[in-house]
Amino acid sequence: MQTNLNELFQNFIEKPSLFTKKEALSPTYLPSTPLHREKQIKQLGTILAPTLRNEHISNIMIFGWTGVGKTAVTKFVVNGLSTMAEKISAPIETIYINCKMEKINTEYRLLARVAEELGEKVPMTGLPTDRVYRTLFKTINRASAHIIIILDEIDSMDQASEGLYDLTRINYELTSGARTSIIGISNDLNFIDSIDSRVKSSFSGEELIFPPYNAIQLTDILKQRAEEAFLPATLQPGVIEKCAALAAQEHGDARRALNLLRVAAEIADRTGSEKIREIHVQAAEERIDTESISEVTRTLPKQTQTVLWSIFHLNEVKGEDLSTGNIYSHYSDTCRQIGLTPLTQRRVSDLISELDILGIITAKIISKGRYGRTREISLSLGNKHILKLNQILSEELFME
DNA sequence: CCTCCACCGGAACGTGAGGAGT
DNA sequence: ACTCCTCACGTTCCGGTGGAGG
């Protein structure tokens with residue numbers, strides 16, 4: 001055993017890796033120039049330029065599907081702006097916050113996070129919100145710079161629209177030369193409609209829309225990254241095109257294309273292949289799907305897992321329709337079985353909606369006339385996935 | 001055309017954990 | 001030690017509703 005393990009590690013070290021620079025395939029990696037986004041770069045640059053002369057600019061909203069270069073372009077342009085500002089010593093400061101990853105979903109957290117970014121320490125909880133606002137105000141006023149706040153995945157903070165309002169109204173109170181501008185990045189085109197009208201009117205400004213990439217553009221992007229990531233001639237012809245084609249089918253998502261290529265390379269690497277072939281891409285596609293959905297399922301709260309388990313089980317019993325009431329009673333039984341206190345139906349109804357949003361199930365409200373109104377639930381996954389998830393759930397719920 | 005089922009989904013409120021300030 | 005914050009997660013209460021069957 002000992003020797004085997006040593007051998008394994010030894011082999012691993014000695015075997016040449018296919019990668020020369022794996023980070024180049026990461027979705028957060030910033031290439032020197034984002035490809036096929038010249039128009040957007042120019043637009044954004046034009047809007048931001050007046051800050052260099054200390055002139056006032058409007059807020060900006062950027063829309064587009066995931067993986068169409070919104071974040072990359074914004075960072076690219078803002079970085080350019082910062083370097084220029086430094087050169088001519090214009091007082092510009094930029095702040096980047098990813099609302100979803102940092103779980104910025106309340107007014108308090110948004111304000112606290114911005115203040116923190118400006119060097120002011122604010123506790124994560126405990127203070128009254130208006131006090132956080134005061135500290136933030138003072139800090140910004142003192143800084144007397146033009147502060148550009150980039151809020152990525154802004155649509156994930158639906159409760160925090162009050163905070164957006166604060167960040168815009170702060171401009172009317174500032175007495176020094178300070179200003180704030182917001183760049184909001186959103187996957188959801190309807191985001192603007194969903195926020196409070198009061199916020200909307202104070203927030204409104206320029207809107208940029210990023211179209212999806214087509215297969216040819218994706219190919220270019222992948223080639224650019226692959227040049228950095230791999231030794232030449234590691235890729236079999238057709239591999240990049242295949243990744244691009246697969247990703248183009250799904251609203252031209254460059255992130256997905258890069259993921260495919262990276263996972264394909266990892267598979268090739270692990271199986272000892274010296275080249276990356278199309279079969280590796282195929283394997284990668286399958287693996288990405290199952291892995292992400294499995295991970296989501298595993299990390300679901302126990303109650304939600306139990307609901308999902310019940311849905312799967314009812315689905316196997318034919319003749320039973322998947323309605324909220326049915327699921328709820330099956331769920332309560334299961335809870336008793338595994339020693340969990342059942343939640344109310346109202347709550348379970350919300351959990352079902354959450355599963356719907358996650359894309360594991362599809363819930364549609366239908367009316368059965370005399371026999372009431374309910375959600376009709378169907379599974380939106382293939383059999384292979386369901387089997388896998390079932391296995392995960394039984395491990396999670398019935399073990400230990 | 002009306003009724004009435006079986007839920008939907010908004011809103012207010014409760015609880016308990018994490019923390020600040022005095 | 002005590003009061004006052006935020007916030008996640010639930011519960012309680014309740015008005016609302018599409019359409020099959022009378």
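In what follows, chains carry the letters A, B, and so on, assigned in the order in which the sequence lines appear, proteins first and then strands, with residues in each chain numbered from 1.
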For [Y], is there an ion pair with [X] - N to carboxylate O distance below 4.0 angstrom?
X        : Y        : value
A:Asp289 : A:Arg256 : yes
A:Arg225 : A:Asp220 : no
A:Asp350 : A:Arg346 : yes
A:Arg113 : A:Glu102 : yes

Please tell me if [X] has a side-chain N or O lying less than 4.0 Å from either OP1 or OP2 of [N].
X        : N     : answer
A:Arg375 : B:dC8 : yes
A:Ser349 : B:dC8 : yes
A:Thr129 : C:dC5 : no

Whole-Å distance separating the [atom1] atom of [X] from the [atom2] atom of [N]:
X        : N      : atom1 : atom2 : value
A:Ile352 : B:dG9  : CD1   : P     : 11 Å
A:Leu110 : C:dC7  : CG    : C1'   : 16 Å
A:Glu162 : C:dT6  : CD    : P     : 12 Å
A:Tyr108 : C:dA8  : OH    : C1'   : 16 Å
A:Arg131 : C:dT3  : CZ    : P     : 19 Å
A:Asp356 : B:dG9  : CG    : C1'   : 15 Å
A:Leu340 : C:dG10 : CG    : P     : 10 Å
A:Asn105 : C:dC7  : CG    : C1'   : 9 Å

- Task: Identify which nucleotide among C:dC5, B:dC7, B:dG21 has an atom closest to any side-chain atom of A:Thr374, counting heavy atoms from C-beta outward.
- Result: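 For the A:Thr374 side chain, the nearest candidate turns out to be B:dC7.
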- For the side chain of A:Thr106, starting at C-beta, report the closest nucleotide among B:dC8, B:dG19, C:dC7.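 Ranking B:dC8, B:dG19, C:dC7 by closest atom to the A:Thr106 side chain puts C:dC7 first.
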- Run the ring-centre check on A:Trp65 versus A:Tyr213 and record whether the distance is less than 6.0 Å.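 No.
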- Which residues satisfy the side-chain contact (heavy atoms from CB on, under 4.5 Å) test with A:Asn259, sequence neighbours excluded?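 side-chain contact (heavy atoms from CB on, under 4.5 Å) check on A:Asn259 returns A:Arg262, A:Ile288.
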- For nucleotides 11-22 of chain C, just jot down a letter per nucleotide in 5' to 3' order: B, S or -, based on protein non-hydrogen atoms under 4.0 Å. BB----BBBB--
- Item | Positive for side-chain contact (heavy atoms from CB on, under 4.5 Å) with A:Leu355, one of A:Val296, A:Thr362, A:Val307 |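 Filter result, single survivor: A:Val307.
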